[in-house]
Amino acid sequence: MTNPLPVLTANDFASDQDVRWCPGCGDYSILAQMKKMLPQLGLPRERIVFISGIGCSSRFPYYLNTYGMHSIHGRAPTIATGIKCVRPDLRVFVITGDGDALSIGGNHLIHAIRRNIDLNIVLFNNRIYGLTKGQYSPTSEVGKVTKSTPMGVIDSPMNPLSVAIGCEATFVARSIDVHIKHLGEVLRRAAEHRGTSFVEVYQNCNVFNEGAWNYASDRDTKIETTLELEHGKPLIFGKNRDKGIRLNGTEPEVVPLGNGVTEDDLLFHDEKSNEPTLAYLLSRMRYPEFPEPIGVLRDIQRPTYDSLLNDQIAQARTAKGDGDLEELFHSGDTWVVA
Amino acid sequence: MSAPTTESAPRTQKPVEIIESATVRLAGDSGDGMQLIGSQLTNTSALAGNDVATFPDYPAEIRAPRGTRAGVSGFQVQFASEEIFTPGDQLDALVVMNPAALITNIGDLKRGGVLVVNSDAFEEKDLRTADLKSNPLDDPTIVGQFRVVRVAMTELTRKSVEPTGISVKLADRCKNFFAMGLVFWLYGRELDSTVRFIRSKFGGKPEIAQANEMALRAGWNYGETTEAFISQFQVDSAKLIPGTYTTLMGNQALAWGLLAASRRSGKELFLGSYPITPASDILHELSRFKNFGVRTFQAEDEIAAIGSAIGAAFGGAMATTTSSGPGIALKGEAIGLAVMLELPLIVVNVQRGGPSTGLPTKTEQADLFQAVFGRNGECPMPVIACRSPADCFDAAVESWRIAAEFMTPVMLLSDGYVANGAEPWRIPKIDDLPQIPITHPTEPNEGDRFLPYLRDAKLARPWALPGTPGLQHRIGGLEKQDRTGAVSYDPENHQRMIEIRARKIANIANHIPLQEVQGPSKGPLLVLSWGGTYGACATAVARCRRAGRDVAHAHLRYLNPFPRNLEEILKAYDRILIPEINAGQLRFMIRGTYLVDAVGFSKMTGKPFTIGEVTDAIQGQLA
Ligand code: SF4
């Protein structure tokens, strides 16, 4: 019991399987950051479980030396829910993609989040179906020409963070595959959150959707196109940190600082706000009208489904004593045949 | 005519006629409380030592307009001084609370049977709501064929509860207890247990409890005083196997069986379920057992229900999911995953009329193909069927034994008829229940490596639990490499794995009891049945044999794999008759598996077989 945990490194979390994503895929970077982050949790490998659905991202569990399951399309949150219900001692990750989580598995995603079961959901958003070789996904932009939309996509894309916030998510964050430091930090905070954490990672599929996130990941443009959130700080961005987000009525607007506009006029980020309004407003800010917020949009506490479930078990045992079959069998009217 | 004041059961002054069994149906509007008085009659008869079997018949619609045919709810019970296996064919007595109940049920009443009607409910407007042009009570074919007893139940009930001062509306709700009192008189039933029931159910509303009790006693007294009944019937206690009994409904027995299996295997029970008729009562029942460590999870849909169960199985719990045919269809892909993962899991299908939404409240056994074949790929899983309400207990325990011993999902088939029926259950001694030993590895199984698909003698793979140091492994739905469980696209390996999975399930035949046969071990005819038709088939065969016919009966519990002596049995008879509540699914499997020219007998009306129907089918084969 008192043995100190051996200090683990990223390498300790590598499995014996060859990684099989396309060369240059953003998934490699996410895997690398995950391996670097896991030792920081101070948990032995056997206490960590990765569950995935189907898609390129869902190969993830094979590459980690933890317990894991590569399940069926869209259903990872349900399997993770079952594990967490019976094994609250485990740290459970769900690895999913935009098609897996938002299309075929949409129903499970929203219900896992509203229950606030203690899962860490990481959604790799590459705005395309990669494994099936290039059909549009629920996050593909209108007009996009893909194999299944030769004349362009005609359905509006879904906004993953808005969906999560709409389901009362207690932890919502966004990061980018190539922002390795930022990504590592966001993954760590998500893993340490109690309740469902939901992280969207902009992931480049260089084979079927090359450059989909260039505006946000490019070294030269990212400072103008993204806004790094910091709790308690005003929403400021730009190369010279000379632009901010101000609320005009109920709508955000980009304003240059100076000329009478001071930091105090800007929106201040409050990830702990119990009201999801601000987080939702942030999730709606899209390039090119706005810089896209990255970092933690929301981080609040609410009882988790698994702890409430196990509390009820404990309460019932305290109130009625541990169940007794003999007593149950005789609990109705009985009669004796001699 | 005052209500008896003592607690002790009243005794009749009229002559008593002893009969062996009685089949009674109570029918009324779904708001009339027929199910409630039906279950009271069942309980009281069981407590009197009768063997009992019940058949509740729910209306298809939640709240059809009052008084219409669609809103009729019925409850049938047979109680007997001999062992019985069905709720009876034709009715000895029918109690109807309105014209719709009369017209939809009269066809099942025996010629000369007792028809008790609430004559207050046969006004013009009542007839119109029931779609009747004339009053059936004026119809000479009805009055002439049956012993019609008209009772002004509404009026008499109102009068009887007057002393409590409750409103007319509330008074009218006591009618069912008046009707019950009358039936209780007719069959010499004690009032005590129902009085106790009324007092505990309506404890919070003393005047309602009092009114119901008064109505019950008034009904009894009416029977005693009315000239319509010249004698009371008496059904003596049955000679059941000695022991302590209680009555169980099928879904309840199934839930208790799962619970017992969880206790006997030292595993906490997890149920992932989505509400569906007629399986929901299993979820309700298990959700009461939190102090047994039972975790029930009402999922967002059928797929999530089984997904959560698969997760719980991976985590090391006794995992179960319960549904009915449409839900099982949705679970198909996940069942395939469980087959691939080789994790233990019980999938319960309480079958109902199909296809699609079909007949949710009616029974059928048409999901056998779905259970055995209904998945993509070569995807074998054991299939077990319950034969009667109390049998659901044993079938559930056996399902978990097989799931755990062979590391496989198991399909447990029940049906609406079995699920909602009730019968006496001899309470087992806890120590007599099978023990289900389960072990989890704690050490690597090949040198310093852990191979999750290295098998034991029964071809079961090790159930290593997350949290166990050094045994970290990944499993999934992609084809597995033999032994290592790693992803493999190797063609030879795929064929080998398909064969191993098939062999593992086929080998279960060596670990289940041999098939038993009732009657001669060879001869002109074998009746082969499965699932909920047991009662009708067993009774019909027994009757035919008593009448000197040469016929045997085998009832299957194991539908996949079949018992290993089944072929030998089938080949010992000239003819095989397979009665089923479907279009011939077992027949198709038997013909395909054994090249036996079996004959089918199908019924697909949403209703169970009557003994008479099966008897006629047998006679037809022997003619
Ligand atoms: S198809 Fe796209 S997402 Fe999939 S592995 Fe290749 S680059 Fe990555």
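Throughout, protein chains are lettered first and strands after them, A, B, ... in sequence-line order, and every chain is numbered starting at 1.
- Counting heavy atoms from C-beta outward, B:Leu478 and A:Arg59 have side chains that approach closer than 4.5 Å.
- The shortest distance between side-chain heavy atoms of B:Phe292 and A:Leu325 falls below 4.5 Å.
- Rounding to the nearest 0.5 Å gives a distance of 7.5 Å between CG of B:Leu465 and OH of A:Tyr67.
- Residues A:Glu326 and B:Arg263 are not paired through a salt bridge, judged by the lack of any N-O separation under 4.0 Å between the basic side chain and the carboxylate.
- Contact count against chain A (heavy-atom pairs under 4.5 Å) is highest for B:Gly243 among B:Gly476, B:Gly243, B:Ala464.
- Only the side chain of A:Ser331 has a heavy atom closer than 4.5 Å to any heavy atom of chain B.
- Between B:Arg426 and A:Val337 the shortest side-chain heavy-atom distance does not fall below 4.5 Å.
- The parts of A:Asp333 that come within reach of chain B are both its backbone and its side chain, each placing non-hydrogen atoms under 4.5 angstrom from that chain.
- Both the backbone and the side chain of A:Leu328 come within contact range of chain B, with heavy atoms under 4.5 Å apart.
- Side-chain contact between A:His108 and B:Asp301: present, with at least one pair of heavy atoms (C-beta onward) separated by less than 4.5 Å.
- Looking only at side-chain heavy atoms (C-beta outward), A:Ile117 and B:Phe297 stay at 4.5 Å or farther from each other.
- A donor-acceptor pair is defined here as one N or O able to donate and one able to accept, closer than 3.5 Å; no such pair exists between the side chain of B:Trp256 and the backbone of A:Phe329.
- Neither the backbone nor the side chain of A:Phe50 comes within less than 4.5 Å of any heavy atom in chain B.
- Ring geometry, A:Trp335 versus B:Tyr245: the interplanar angle falls under 30°, so the pair is classed parallel (tilted spans 30 to 60°).
- Residues A:Ile79 and B:Leu337 form a side-chain contact, since some pair of their non-hydrogen atoms from C-beta on lies under 4.5 Å apart.
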